[in-house]
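All of these numbers come straight from a predicted model, not from anything done at the bench. When a ligand or atom number is given, it counts from 1 through the structure's own listing order. All residue numbers in this chain count up from 1 along the given sequence. Just so it is clear, the values below take in all heavy atoms, side chains as well, and ignore hydrogens, waters and symmetry mates.
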Amino acid sequence: MPFRQEPPALGNQYLDDRVLRSYLRRALPREVLAEVEPELEDLGGLAGGELYRMQLTDRLDEPRLVRWDAWGARVDAVEITPLWRAAERLAAERGLVALPYERRHGPHSRVHQAALAHLFTPATDIYSCPLAMTDGAARTLLSSDNRALAGRVVPHLTSRDPAQFWTSGQWMTEQTGGSDVGLSETVARRDAEGRWRLSGQKWFTSAVSSQVALTLARPEGNPPGGRGLALFLVETRDREGRLRNITFERLKDKLGTRKVPTAELTLEGTPAELVRGTTDGVRHIAPMLNVTRLWNGISAAALMRRGMALARDYARKRVAFGAPLSEKPLHADTLAGLQAEAEAAFHLAFRTAELVGLEEAGGASEEQSRLLRLVTPLMKLTTARQAVAVTSEVLEAFGGAGYVEDTGLPVLLRDAQVLPIWEGTTNVLALDALRAAGRGGEALDCLKRELETCAREARDARLAPARAAALSAFEHAESWLARASAEGPTNVEVGARRFALTLGRAYALALLARHAQWSLEHERDPRAAAAARRFAAAGVNLIADADAEDARILMGDT
Ligand SMILES: Cc1cc2nc3c(=O)[nH]c(=O)nc-3n(C[C@H](O)[C@H](O)[C@H](O)COP(=O)(O)OP(=O)(O)OC[C@H]3O[C@@H](n4cnc5c(N)ncnc54)[C@H](O)[C@@H]3O)c2cc1C
């Protein structure tokens with residue numbers, strides 16, 4: 001018989017997920033866990049079974065923009081893939097958006113949702129993208145005080161009935177800029193009936209099959225910049241299903257997230273409703289971004305987990321130089337490094353979900369709210385970078401097979417690559433974190449206290465290197481900020497990314513160490529502690545005392 005390599009396989013993605021299960025045992029009250037565990041187990045079975053099979057079978061199927069029907073009528077329909085259609089129904093029925101609004105488990109509702117999303121995301125070809133935006137839109141509408149609009153739209157966004165369920169897009173980026181949205185050129189004018197109508201072009205609009213979208217436009221006569229923009233809601237189609245003065249110019253030909261239909265579109269007098277006021281749109285859409293950034297972090301952890309599940313299984317099956325790869329010390333060491341990154345990212349993302357849940361349930365202290373303001377950008381940028389690095393290394397763990405499309409592996413890296421770009425790039429979020437940290441230094445103090453608490457709780461001697469690495473990295477970041485601030489704003493800005501990544505990694509390590517202590521005590525399991533030591537050894541402190549002058553010389557023309 002010629003040699004045939006046994007491919008990697010997935011089991012129940014909940015039952016096999018030690019990190020998620022151990023975390024939930026610590027984070028959720030016993031009765032809440034007992035209630036939610038059957039649905040997690042069920043979704044875990046689908047994720048590793050039927051949905052995974054569909055992903056492999058439908059690999060080449062992509063969304064299509066259909067401009068005309070057979071009889072010449074303009075339809076501008078976006079046909080999504082079979083897995084996306086299944087995901088839409090599943091998401092509604094399982095309440096992936098509804099959960100935090102039903103708030104059945106009070107402050108734990110976000111963790112409950114995040115656990116489901118962790119299983120759902122890698123199994124549904126990034127259907128998490130429309131869910132994140134839908135969740136963000138619901139949160140934005142509810143916090144807008146526009147009761148009429150929220151009353152009409154939010155019940156659809158949070159419905160568990162697939163026939164009633166709507167998704168929302170988020171149309172911010174224009175050709176002029178996605179980071180600097182203050183440059184947006186879309187104009188809002190009132191028509192003869194006093195209705196707002198939008199005209200302009202949106203350059204990246206994902207999940208464009210959505211029924212509604214939140215978008216920014218400048219009411220005529222408003223000043224330039226972000227303040228002059230207002231936040232609008234657009235219903236994309238009329239009762240007959242026709243687009244409301246919207247043209248889908250084309251779908252983007254993207255590196256990854258290819259199942260997500262991302263369009264360039266033109267608005268030509270598109271009817272829209274003001275969400276809140278006629279100015280300050282960028283500020284008013286902030287609740288949406290906080291929610292989508294949380295989803296981004298959960299997705300990063302989830303994609304790393306999927307990669308590790310496949311790589312670990314493969315290492316047991318692939319034989320080289322007389323033994324399975326899993327028995328080769330260097331291969332095992334390589335995977336251990338990735339596992340440590342994935343575990344740290346997981347705890348950072350889920351801690352953020354805890355804080356969001358507390359705040360939404362009205363249970364967050366002032367300290368926790370300040371912490372959340374700083375942690376959201378830190379978490380998003382840190383986990384996104386980890387996801388790219390880990391999924392890249394996961395492909396290498398498969399050798400040549402990792403580079404071959406019909407193994408279903410390369411898509412992991414291509415999809416992960418979007419995580420540091422959308423919802424704020426690493427640099428843009430690093431500057432945002434700097435603003436949050438700088439404001440009177442209060443948020444930074446909150447983070448320091450949280451790190452110290454984690455370090456105190458992680459008292460086992462085996463966690464000493466992790467405690468020390470987290471605290472010393474934080475202290476270095478803090479002293480760097482004080483020194484750079486004294487030297488002037490350019491020096492602060494040039495180091496913002498290193499500063500933010502150091503804080504993000506230090507916090508992730510402290511959270512991992514705290515969980516490791518619990519796991520040692522309650523589960524007699526040394527694996528989280530090993531992950532913490534490994535993560536600490538990999539390098540947490542990225543602060544470099546290079547200054548702005550070096551960057552200027554290095555990047556200069558002469
Ligand atoms: C697959 C995909 C889907 C998307 N879907 C959507 C969507 O649904 N809705 C939507 O609104 N947008 C969407 N986007 C757009 C995305 O949010 C933007 O691409 C992103 O915000 C960056 O904006 P930009 O492309 O204009 O890049 P730019 O803003 O031009 O940034 C270019 C580079 O400059 C850096 N940079 C910018 N400002 C600074 C600064 N002050 N200091 C240092 N560095 C800086 C950035 O970090 C980046 O590396 C999507 C993008 C992708 C790739």
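Closest to atom 44 (N) of ligand 1, if we only count protein heavy atoms, is Asn427 ND2, 3.3 Å. When only non-hydrogen protein atoms are considered, atom 20 (C) of ligand 1 lies nearest to Ile421 O, 3.7 Å. In this structure, atom 2 (C) of ligand 1 lies nearest to the protein heavy atom Trp422 CE3, 3.6 Å. The protein heavy-atom contact nearest to atom 22 (C) of ligand 1 is Ser179 OG, 3.9 Å. Nearest to atom 21 (O) of ligand 1 among the protein's heavy atoms is Gly178 C, 3.7 Å. Protein heavy atom at the shortest distance from atom 40 (C) of ligand 1 is Leu431 CD1, 3.8 Å.
Applying the side-chain hydrogen bond (donor to acceptor under 3.5 Å, both in side chains) test to pairs two or more places apart or on separate chains, those with a residue in residues 136-146 are Arg139-Glu360. For residues 377-389, the set of pairs meeting the side-chain hydrogen bond (donor to acceptor under 3.5 Å, both in side chains) definition, not counting sequence neighbours, comprises Glu341-Gln386.
Contacts of Lys252 with ligand 1, taken as heavy-atom pairs under 4.0 Å, are absent altogether. Looking at Thr173 against ligand 1, both its backbone and its side chain come within 4.0 Å, counting heavy atoms.
Surrounding CZ of Arg250 are at most 12 heavy atoms belonging to other residues, nucleotides or ligands under 6.0 Å away. Environment of CZ in Arg64: sparse, with no more than 12 heavy atoms of neighbouring residues, nucleotides or ligands closer than 6.0 Å.
Between the side chains of Glu423 and Gln170, at least one donor N or O lies within less than 3.5 Å of an accepting N or O.
Ranked by closest heavy atom to atom 47 (O) of ligand 1, the top entry among Val260, Leu419, Thr425 is Thr425. Here atom 52 (C) of ligand 1 lies nearest to Phe204 when heavy atoms of Phe204, Trp171, Trp203 are compared. For atom 5 (N) of ligand 1, the candidate residues are Gly256, Pro420, Ser210, Ser206; the nearest heavy-atom contact is made by Ser206.
By the 3.5 Å distance cut-off applied to N or O atoms, Gly424 is not counted among the residues near ligand 1. The shortest N or O to N or O distance between Val428 and ligand 1 is not below 3.5 Å. Taking any N or O of Thr205, backbone or side chain, none lies under 3.5 Å from an N or O belonging to ligand 1.
A cation-pi geometry, defined here as NZ or CZ lying under 6.0 Å from the six-membered ring centre and within 45° of its normal, does not hold between Lys259 and Tyr127. Judged by the 6.0 Å and 45° rule, Arg189 forms no cation-pi pair with Trp196.
Each of Arg152, Arg244, Arg195 was scored for a salt bridge (Lys or Arg N to Asp or Glu O under 4.0 Å) with Glu273, with one residue passing: Arg152.
Here the straight-line distance linking atom CZ of Arg190 with atom OG1 of Thr278 works out to 8.5 Å at 0.5 Å rounding.
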